[in-house]
There are 2 protein chains.
Amino acid sequence: MEKENFVIGVDYGTDSVRSLLMHTAGGAEIASAVFHYPRWKDGLYCQPAENRFRQHPLDYIEGLEQTILSCLSQAGPAAARYVRAISVDTTGSSPVAVDETGTPLGLLPPFRGNPNALFVLWKDHTAVREAAEINTHATRFPTNYLRYVGGIYSSEWFWAKLLHILRIDEDVRKACYSWVEHCDWIPFLLTGGRNIRDMRRSVCAAGHKALWAKDFSPGGLPPDEFFATLDPLLKSFTTRLYTETYTSDQAAGTLSAEWATRLGLSTSVIVGVGAFDAHMGAVGGQIEPYHLSKVMGTSTCDMLVAPPGEVGDRLVKGICGQVPGSVIPGMIGMEAGQSAFGDAYAWFRNLLAWPLQQLVPDQPGLVDKIIPILSGHAADLNPSEADPLALDWLNGRRTPDANQLLKGAITGLSLGTDAPQIFHAIAEATCFGAKSIADRFISEGIPVKGLIGLGGVAKKSPFIMQMMADVMDRPIRIHASEQTCALGAAMFAATAAGLYPKVEDAMSAIGRGFDATYTPNPRRTALYAERYRQYNTLGHFVESTTKQL
Amino acid sequence: MEKENFVIGVDYGTDSVRSLLMHTAGGAEIASAVFHYPRWKDGLYCQPAENRFRQHPLDYIEGLEQTILSCLSQAGPAAARYVRAISVDTTGSSPVAVDETGTPLGLLPPFRGNPNALFVLWKDHTAVREAAEINTHATRFPTNYLRYVGGIYSSEWFWAKLLHILRIDEDVRKACYSWVEHCDWIPFLLTGGRNIRDMRRSVCAAGHKALWAKDFSPGGLPPDEFFATLDPLLKSFTTRLYTETYTSDQAAGTLSAEWATRLGLSTSVIVGVGAFDAHMGAVGGQIEPYHLSKVMGTSTCDMLVAPPGEVGDRLVKGICGQVPGSVIPGMIGMEAGQSAFGDAYAWFRNLLAWPLQQLVPDQPGLVDKIIPILSGHAADLNPSEADPLALDWLNGRRTPDANQLLKGAITGLSLGTDAPQIFHAIAEATCFGAKSIADRFISEGIPVKGLIGLGGVAKKSPFIMQMMADVMDRPIRIHASEQTCALGAAMFAATAAGLYPKVEDAMSAIGRGFDATYTPNPRRTALYAERYRQYNTLGHFVESTTKQL
């Protein structure tokens, strides 16, 4: 029994956190538990009409404790002693203002209820103006500091959000010592960090969202001059951030006495360096070089890894980032993605649910039936060139060429257009958005040799996945695991604990393989190619008429 | 009691027929009755996804008999003896194939259930290809036969529909002797006509939809060569139509013995020449020269009258028609309109109702509550430049510049966009569509001196009417009558019966005046002017990317 090795992967998604207790030998899933953020569920601190989305650290803390305790309780009294490591992934960029002890301001009494003292969730777009300023500002420097993030800085990212919060909230500005990603804060919390300077920041968040790159300066971040001239509020801020970053196969530390007690675990449990969900998800989903690993949930994150020797300095324009070590240590991790994927379907569901909520409020469960029924009807449609055509930019466009000011559209509407037809068009638009990302990799010289589907939509919607194969004109393999992000975190935990020399070894040992493949329907690919052309024409029009800030 | 004079106005709308029994002295409404077409309500013979909308003559006959009998029954046993005249208005162009006796083929046993033997409702767009051919064909003739219909022939009109039906249905083609508008057939039916050559055709339908104009040929219609070279199927068809047309202040005849018996009326009752609903509605709504009289129902018909001396030969490009005598005998009647107005709101209601119908089918009444609730929420919105923006061409575009291939759109959508915001955008788009018609009259040199609102939407939706005033930046007066079309028919009946020398006298004697005026909100007009510009930009894009047939 002394050889039993358990690891815990913790995956913070947009709506909930999941913990997964794994047996490393053979990759058996012993237990898992999910916790829905209660404050988030109640819509607190958010203002969807203004694209303001904030999350409270207590939602994260409560979820961390409850899901791990639930896993251990499911696994029986002996389990706790075999737990070797915990690793965490989160959404991102989802940063928060912290004081010098690394405590999010929202946990301090003076900031109770202040949304600007909470985590600024990845999909918060309140910083569109600041992102636009960064993009203009960056053109004034001989060094292109945006070159590893696709050439365009996004309002979804670290610096734009920091500058926005500093500008709009004087109280937060005065109390804010540093600015921390969710994925870096949880390991810091678990290891009992008391000084922000001790926080081990992940290369994943730093490289993809905070402009950190080894060749920019001795400290990796762009020089202070860059930020001080962007806005004096940022002067010297880099000195309160970091110079070193870490890959997720390394340990952030060991469990603090406090958290060991709370969880009933040993203080020798390793806590791994965190990373973003899609990055660990790609590992959990057994990514291969030049395969596009698509985590398809509310949004998508599309990951691609390439050995450095072959890709070298080839820069890919308009993606979110290319960072050595960000997905698999030793490879270049490239990230792209769509700002709204499942969220686009949920938006249409919510639109259709409006009368239900007004007129049948006593039956809230009806809303959950809408997407399955719509999918069934939409899958039966025989698509044609005259169908409604949609644009999926309901939450702006993340890639290619980030622009959060863009909006969605539905065209080709007639009096005969019904809900399943529009749902079909929205589904199609999300697949077109996916295709435009693959096309960008290819046009920038990065081959795309295969597609891997991960995440809720990949597992739950054969309708969308078949359409994805048809639109992309490529097969897409769906990974067997329902929870590749938590699984990837568990693989990294096992590696950080030294149970495997490299995460690739953990992937082979623990990976679950694929359980479905969708292949293109040859009768549909030509039609979708023509409609994709129309989608691009519509997109160019919307882009050309969108006012810039 | 011998001086009592009653008249009956019969108004055939899209969904129902209404009869109105009036006392001519002082314009008292004695009784009215509505009959919803049962076959139409069941969706028979229609295919909305293909824009095929057909109506059965039995729906019309049953409605005629039942509503008049109901009015007489409400008015008491003495009423029938005072009835002097009946006049009828209908939708249009809504023609049907008839045999030599003027009987619609759909009433004959061999054609039972054949939609091509039924009335082709105004909003049927199955003849888009034929309309396009007519437009191309017309350019080959030195005489511009489209000059009185705005330069563009519509798929909603007489000749396009005739040619389409002749082409697609050999049985109908062989049995079809002539082609008759609904507004001409009902008077023919009531007067007991037995020979199609005796049918008195209205100048309203002939001039606006069938290219009849005094200066085109001795018979008024374009010469046979025009049609024979368009398609040999039309060769000599004009010989089976008409050379004379009549204004609605004239009698079509008197009630036949059969109908006198069915209705309990005298055979001395005058039956007036029919006309289209919006034309008689404009009269019922007390139109004035250079005032745009907007009948706002499922679609809109915008009527304007001008004395011939001033307008003379000034041709207005892109409207539906300008015909001497078509609204008020002695003036030029001009018609424009939007293909979808209330239908646009109903479309969105039906879209939102989809889950209700799927999930709460036992409560069909819920659907009727959607538009009132939406209107309440939408009226509370504070419109801004960033709001969703829609295009109202859900049923193509009637005017300016008819193009039934165009479709609607909704742009500017974000994850925060909800149902009231989209409803607001659709409402706004219908008002923008209205503005583009007024703008066209003005740019073609016809002043628009005022707006008169008639019809269901005008009476029922203060939300839409206030927005109309804001968008148009002009006041709009709402006529007091709930049923201006039937009222206008009653005024024409009174005139045809000789109770008044001219219909203007009947208008003064019977007219009910206005009961509301919406004035522009000066804080909104600038915003709407800017959004109208965006609407036009979106419209140009959709038009430029719409494939022609």
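Chain letters run A, B, ... following the sequence lines, proteins first and then strands; every chain starts at 1.
Nearest heavy atoms, A:A127 versus A:A160: CB-O, 3.4 Å. Taking every heavy atom of both residues into account, B:P361 and B:P364 meet most closely at O-CD, 3.7 Å. Heavy-atom minimum distance, A:C431 versus A:I464: SG-O, 4.0 Å. In plain terms, the two heavy atoms of A:A419 and A:F348 that are nearest each other are O-CE2, 3.5 Å.
Residue A:I152 holds its CD1 atom at 10.0 Å from SG of A:C320, rounded to the nearest 0.5 Å. Between atom CG of residue A:L356 and atom CD1 of residue A:I370 there is a gap of 5.0 Å, rounded to the nearest 0.5 Å. Rounded to the nearest 0.5 angstrom, A:L351 CG and B:I410 CD1 are separated by 8.0 Å.
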Original post:
Under the side-chain contact (heavy atoms from CB on, under 4.5 Å) criterion, do A:F119 and A:F53 qualify, and how do the steps go?
Top reply: CA-CA 9 Å; A:F119 285 89; A:F53 298 102; over 6 Å; no
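Neither the backbone nor the side chain of B:A390 comes within less than 4.5 Å of any heavy atom in chain A. Residue B:L389 does not touch chain A at all, counting heavy-atom pairs closer than 4.5 Å. Only the side chain of A:I422 comes within contact range of chain B, with heavy atoms under 4.5 Å apart. Heavy atoms of A:A346 lying under 4.5 Å from chain B are absent altogether. Both the backbone and the side chain of A:L538 come within less than 4.5 Å of a heavy atom in chain B.
Between chain A and the options B:G416, B:A49, B:G412, B:A353, the largest number of non-hydrogen pairs under 4.5 Å is found for B:G412. Ranked by heavy-atom pairs under 4.5 Å with chain A, the first of B:L374, B:L406, B:L391, B:V367 is B:L374. Highest contact tally toward chain A, considering only B:V542, B:L413, B:V360, is held by B:L413 [criterion: heavy-atom pairs under 4.5 Å].
Side chains of B:P400 and B:I437 form a contact here, defined as non-hydrogen atoms less than 4.5 Å apart.
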Could you list each N or O donor-acceptor pair linking chain B to chain A at a distance under 3.5 Å?
unit_1, atom_1, unit_2, atom_2, d
B:W347, NE1, A:S414, O, 3.3
B:W347, NE1, A:T417, O, 2.8
B:E385, OE2, A:K547, NZ, 2.4
B:A386, O, A:K407, NZ, 3.1
B:L394, O, A:L415, N, 2.9
B:K407, NZ, A:A386, O, 3.1
B:G408, N, A:L413, O, 2.7
B:G408, O, A:G412, N, 3.1
B:G408, O, A:L413, N, 3.0
B:I410, N, A:I410, O, 2.7
B:I410, O, A:I410, N, 2.8
B:G412, N, A:G408, O, 3.1
B:L413, N, A:G408, O, 3.0
B:L413, O, A:G408, N, 2.7
B:S414, O, A:W347, NE1, 3.3
B:L415, N, A:L394, O, 2.9
B:T417, O, A:W347, NE1, 2.8
B:K547, NZ, A:E385, OE2, 2.5

